Amino acid sequence: MKTDRLDIREIAEADLPALGALYQHLIPGDDAPAPAEAAEILRRFRAYPGSAILGGWRGARLVASCTLVVVPNLTRGGTAYGLVENVVTHSAHRGQGYGRAMLDRATERAWAAGCYKLMLMTGSRHPATLAFYEASGFEQSKTGFQKRRIPKRPEP
């Protein structure tokens, strides 16, 4: 899996249109917030120390992203934990190691923020998706539950 020339950095406000376009490869047809609302959401998100929306660029093109949220915690001696969400690679760039590189960077950042664990959930039942997460160092070791206000999107 080749990952050369992938520049990984935090998403800036100027990157939000590209991120919105990339998210269409995660949830096709999903509604995006208006530009001013997206900028405000990014500003609020940045208030969480250690958290980041990471983007992976090939040249000037955003081809991958994932979100890391660092959660303060009152167990484990006050040690934070991390959550990964919105892992996506542009469909034309999959299979090149970019998603793995994004998860590796999120892991590095979670450990640097003092997290004792990093978690992610997926709604996918596709064996290739589950194998991808396992190959990226995540183990399927807990049972996840959710309560939704917005209905689950249909699986392709």
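Computed over heavy atoms, backbone and side chain alike; hydrogens, waters and symmetry mates excluded. Quick caveat, the model's predicted, so the values are computed rather than measured.
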Taking [Y] as the starting point, is it possible to reach [X] by hopping between hydrophobic residues whose side chains are less than 4.5 Å apart?
| X | Y | result |
| --- | --- | --- |
| Val71 | Met119 | yes |
| Leu62 | Leu42 | yes |
| Ile53 | Val69 | yes |
| Tyr98 | Phe132 | no |

Spacing of Phe45 atom CZ and Glu10 atom CD [to the nearest 0.5 Å]: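 Here the interatomic distance stands at 8.5 Å.
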Measure the CD-CD distance between Glu134 and Gln140 for me, rounded to the nearest 0.5 Å.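 The CD atom of Glu134 sits 6.0 Å away from the CD atom of Gln140.
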Evaluate the criterion side chain to side chain contact (heavy atoms under 4.5 Å, CB included) for residue pair Leu19 and Tyr23; output intermediate values, then yes/no. CA-CA 6 Å; Leu19 183 63; Tyr23 280 165; 3.6 Å; yes
Close side-chain approach of [X] to [Y], heavy-atom, < 4.5 Å:
| X | Y | value |
| --- | --- | --- |
| Leu22 | Thr89 | no |
| Arg9 | Trp57 | yes |
| Ile11 | Leu16 | yes |
| Met102 | Ile8 | yes |
| Tyr48 | Val70 | no |
| Thr122 | Leu130 | yes |
| Asp30 | Gln24 | yes |

Closer than 3.5 angstrom, by distance alone: can the side chain of [X] be matched with the main-chain N or O of [Y] as a donor-acceptor pair?
| X | Y | answer |
| --- | --- | --- |
| Glu85 | Leu68 | no |
| Asn86 | Thr67 | no |
| Arg100 | Ala135 | yes |
| Asp15 | Ala12 | yes |
| Ser65 | Leu54 | yes |
| His126 | Ala128 | no |

Of the non-hydrogen atoms in [X] and [Y], which two are nearest, and what is the gap between them?
| X | Y | result |
| --- | --- | --- |
| Cys66 | Val87 | CB-CG2, 3.9 Å |
| Ser51 | Arg109 | O-NH2, 4.4 Å |
| Val84 | Ala106 | CG2-CB, 4.3 Å |
| Asp104 | Ser136 | OD1-O, 4.5 Å |
| Pro17 | Ala14 | CD-O, 3.5 Å |

Arg58/Asp7 salt bridge by N-O under 4.0 Å criterion: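 No, no charged N to carboxylate O under 4.0 Å.
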Please, which pairs that meet salt bridge (charged side-chain N to carboxylate O under 4.0 Å, His left out) have at least one residue in residues 37-56, sequence neighbours excluded?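 Residue pairs with at least one partner in residues 37-56: Glu13-Arg43, Glu40-Arg43.
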Tyr81 vs Tyr116 aromatic rings, parallel, tilted or perpendicular, using cut-offs 30° and 60°?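 Geometry flag for Tyr116 against Tyr81: perpendicular rings.
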In chain order, what residues pass the side chain to side chain contact (heavy atoms under 4.5 Å, CB included) check against Ser91, with sequence neighbours excluded?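 Once residues adjacent in sequence are excluded, the partners of Ser91 under the side chain to side chain contact (heavy atoms under 4.5 Å, CB included) criterion are His25, Arg94.
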From CA spacing to verdict: side chain to side chain contact (heavy atoms under 4.5 Å, CB included), Arg61, His93: CA-CA 11 Å; Arg61 186 168 193 179; His93 295 272; 3.9 Å; yes
